[in-house]
Enquirer: 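Take this structure first; my questions come after.
Order of the sequence lines sets the chain letters (A, B, ...), proteins ahead of strands, with each chain counted from 1.
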Amino acid sequence: MLEFNKITKKFNSDLFTQSFVALEDVSFKVEPGKIVGFLGANGAGKTTSLKIAMDFIRPTSGTVTFDKNLGTRNIDIFNNIGFLPERPFFYPHLKGREFCHFMGKLSDLTKNEINEKISFWAPRFKIDFALDREINTYSKGMLQRVGFLVTLIHSPKFIILDEPLSGLDPIGRKELKDIIVEVNKLGKTVFFSSHIVSDVEEVCDNVIFLKDGKLYYEGSVDKIIEDNIRPIANICFRKNGIFEIIKISNELKNQKIKELLNNNCEIVSVNSDKPTLEEIIYNVK
Amino acid sequence: MLNRKVFTKIGTVAYYTSREIIKSKVLVNTVLIGIGLLIVTYIAMSFTYGEPSRVALDFGLGMLTISSVSIAVFMGVSLLSDEMKNRTVYIIISRPVPRFAFVFGKIIGLALILLINILILSTITLSLYFYIGGNFEPLINWTILYITLESLIMLVLVCLFSLITSKVLSVILSIVIYIIGHSIDGVKLLTLVQTNPTLESILDIYHYILPGFYKLNLKQHLLYKQDIAFEYLLSTSIYGIGYCLALVFLTAWIFEKKNLD
């Protein structure tokens, strides 16, 4: 759906200071039909990458290509993309509904089509009650919801979200994650950046991980977890009605299980010690 | 490049830009200026013998110029720069909207507000002028047209500056150019300039680059009932419109090339 090919981006603050390299030789692909998480610490280059993808800023070198399904001309490509920027800020004196109509009209929708989309999405985002209020009365979460609504209003094939879950309470995050999964089931590709690793692990098929402007990992979430499984087993057993868990190296696992059985313990479960995606990311030096 | 869809998008951006500005209650200022204009004119007339209608016209056109240029400068400076600062521009140009269409739409949106402001204040001014006994003169229409052109040029000029420098500097630069643009013809008559060919050449170069606002100032001609040739009015109108359009295209070109980070 989207391919970065050797993208480098340098920023020059002035003539006398050395340029700052925000992205260095970054190449990755966002596969169609998947939910792809874009991870990295603050300043890793996620937002810069998304700005380059959306042609807000131009790379110093390298190319960005989109799937031909999205179109060949920029105007067609952007008609098939829904983009939500980080910390969206909309026209404060417009009402939510007016803003939806504004965005819908820019995507060549008719008034009826826009109203249909609002009726469909607004209740799901739980923002329908506020659409006739001015945007300056909205909370941060409501802004995020109305932003998400206008991102989907023109039924884009490819959805790019920059930190869509930041600023939301846990219930709001859960609701938006459910919607991300739902739109993906409708055949849409979702590419979203986040620094909340557990959210990415929960909903994403693939993950792209940037560190200090360089690509650190690109691939499936399952694979990165499998690759980082520690050679340790967690044995859960019950003795005299009390549950206990012990960690033991894989080589000693069978011997330990025999010992436990000989001591009249009941083995409840034996699992390999899988790290979470969050643990893997935090351990990257 | 310019098809029906693009024109529709320019219209959509312009419509919602003006709607947002109207809702922000900017035009309340225009109404307040209008009320102030009525009061000031009434007071000034009490101290005038002979030509009270001329005083009303002078005050009215002066107020019209100040308010239009102020709206153009102080709202124009935020027109594009705030879109970038607040990142609203991202959500718009991530749609199938060419960047130049966004710039055209934003400028047209604010220009509509300027026109409403000019319409309200010139209606008040002319109503007062005719009520006091003033006679219609065709130069009144030309004067109002030129005030409109002048404020439109200022609007686009400050938008252009706001893309390449800070908001404060953009306002300062625009006001400096406005003042120079009005006084340059007087400066050229100074002996100091006329005896210094280098200085004269610099001022001539200025004429080719920066706006000659003095050409658009017809107030003195109107108040002292001086005749102006139609050819002058026509050529100055073409100059004003052409200059404004050139600035719009230059602004759109800079925005097209600009990194929106």
Side-chain angles (χ1 to χ4, degrees), chain A residues 9 11-12 22 47-48 50-60 70-71 73-95 98-99 101-109 134-136 143 146-148 150-151 153-154 156 158-162, chain B residues 1-28 75 78-106 109-110 113 165 254-261:
Chain A
K9 177 67 187 173
F11 288 103
N12 295 307
T47 298
T48 303
L50 296 184
K51 283 179 183 174
I52 289 172
M54 295 307 299
D55 198 33
F56 300 151
I57 57 176
R58 276 96 196 193
T60 309
L70 295 179
R73 296 177 309 155
N74 263 5
I75 210 113
D76 300 326
I77 292 170
F78 285 120
N79 215 4
N80 283 312
I81 293 178
F83 175 72
L84 178 66
E86 189 183 3
R87 286 176 277 123
F89 179 91
F90 309 123
Y91 300 99
H93 298 290
L94 291 185
K95 290 176 181 166
E98 282 177 309
F99 184 63
H101 276 266
F102 183 14
M103 292 299 116
K105 281 180 190 170
L106 292 181
S107 297
D108 305 323
L109 299 182
E134 284 195 358
I135 291 177
N136 58 13
L143 281 176
V146 83
F148 219 146
V150 298
T151 303
I153 205 163
H154 57 299
F158 185 28
I159 297 155
I160 300 177
L161 312 165
D162 193 1
Chain B
M1 191 165 93
L2 280 173
N3 55 32
R4 197 177 61 84
K5 270 188 180 178
V6 174
F7 279 115
T8 309
K9 280 166 192 174
I10 293 173
T12 304
V13 174
Y15 172 75
Y16 283 99
T17 300
S18 52
R19 200 167 167 76
E20 166 75 5
I21 297 171
I22 287 170
K23 284 184 161 195
S24 68
K25 301 184 175 64
V26 165
L27 288 176
V28 171
M75 298 214 64
S78 303
L79 192 67
L80 297 175
S81 58
D82 277 9
E83 290 277 343
M84 290 186 281
K85 190 179 129 203
N86 297 330
R87 297 180 302 279
T88 35
V89 65
Y90 293 156
I91 208 145
I92 293 177
I93 62 168
S94 64
R95 308 270 151 174
V97 181
R99 286 193 186 192
F100 73 86
F102 172 74
V103 173
F104 285 5
K106 292 299 292 182
L110 184 50
I113 301 298
T165 184
I254 291 172
F255 192 76
E256 195 83 38
K257 300 284 168 200
K258 193 172 172 61
N259 270 335
L260 303 173
D261 47 10

Enquirer: Kindly compute the distance separating CD (B/Glu20) from CD (A/Glu98), expressed to the nearest 0.5 Å.
Expert: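 Rounded to the nearest 0.5 Å, the CD-CD separation comes to 9.0 Å.
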Enquirer: Got more than 12 heavy atoms from elsewhere within 6.0 Å of NZ, A/Lys95?
Expert: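 Atom NZ in A/Lys95 is not crowded, with 12 or fewer foreign heavy atoms closer than 6.0 Å.
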Enquirer: Which bit of A/Ile153 is near chain B, if near means a heavy-atom gap under 4.5 Å: side chain, backbone, both or neither?
Expert: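 For A/Ile153, the contact with chain B is made by the side chain alone.
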Enquirer: Please classify the contact between A/Lys9 and chain B as side chain, backbone, both or neither, with a heavy-atom cut-off of under 4.5 Å.
Expert: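 Interface part for A/Lys9: side chain.
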Enquirer: Quick one: what part of B/Val13 sits under 4.5 Å from any heavy atom of chain A, side chain, backbone, both or neither?
Expert: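 Backbone plus side chain of B/Val13, per the 4.5 Å heavy-atom cut-off to chain A.
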Enquirer: I need the minimum non-hydrogen distance between A/Met54 and B/Ser94, along with the two atoms involved.
Expert: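 That would be CE-CB, 3.4 Å.
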Enquirer: Specify whether B/Tyr90 and A/Phe83 have parallel, tilted or perpendicular ring planes, treating 30° as the upper limit for parallel and 60° as the lower limit for perpendicular.
Expert: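 B/Tyr90 vs A/Phe83 ring planes: perpendicular.
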Enquirer: Could you grab the distance from atom OG1 of B/Thr17 to atom CZ of A/Phe102, nearest 0.5 Å is fine?
Expert: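 B/Thr17 atom OG1 to A/Phe102 atom CZ measures 5.5 Å (nearest 0.5 Å).
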Enquirer: Side chain, backbone, both or neither: which part of A/Pro156 has a heavy atom under 4.5 Å from chain B?
Expert: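 The answer is neither part of A/Pro156.
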Enquirer: With sequence neighbours excluded, tell me which residues meet side chain to side chain contact (heavy atoms under 4.5 Å, CB included) with B/Ile254.
Expert: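 Residues passing side chain to side chain contact (heavy atoms under 4.5 Å, CB included) with B/Ile254: B/Leu160, B/Leu163, B/Ile164, B/Leu250.
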Enquirer: Mind ranking B/Arg87, B/Lys9, B/Lys258, B/Arg95 by heavy-atom pairs under 4.5 Å with chain A and telling me who comes out on top?
Expert: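 Looking at each of B/Arg87, B/Lys9, B/Lys258, B/Arg95 in turn, B/Arg95 comes out on top.
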Enquirer: Roughly how far, to the nearest 0.5 Å, is CG of A/Asp108 from NZ of B/Lys5?
Expert: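 Between atom NZ of B/Lys5 and atom CG of A/Asp108 there are 4.5 Å.
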Enquirer: Restricting to side chain to side chain contact (heavy atoms under 4.5 Å, CB included), what partner residues turn up for A/Lys105, sequence neighbours left out?
Expert: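 Residues passing side chain to side chain contact (heavy atoms under 4.5 Å, CB included) with A/Lys105: A/Ile114, B/Thr12, B/Tyr16.
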Enquirer: Enter the distance from B/Ile92:CD1 to A/Tyr91:OH here, rounded to the nearest 0.5 Å.
Expert: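 Output value for this atom pair is 3.0 Å.
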Enquirer: Strictly distance-based, threshold 3.5 Å: is any side-chain N or O of B/Asn86 a donor or acceptor partner for the main-chain N or O of A/Phe90?
Expert: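 Looks like no, no N/O pair under 3.5 Å.
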Enquirer: Kindly give the heavy-atom pair with the smallest separation between B/Asn259 and A/Arg58, and that separation in Å.
Expert: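 Nearest pair, atom of B/Asn259 first, then A/Arg58: OD1-N, 2.9 Å.
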Enquirer: Mind listing the closest non-hydrogen atom pair of A/Ile75 and B/Pro96 along with its distance?
Expert: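 The answer is O-CB, 3.3 Å.
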Enquirer: CG of A/Leu106 to CD1 of B/Ile93: how many Å apart, nearest 0.5 Å?
Expert: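 The distance works out to 11.5 Å.
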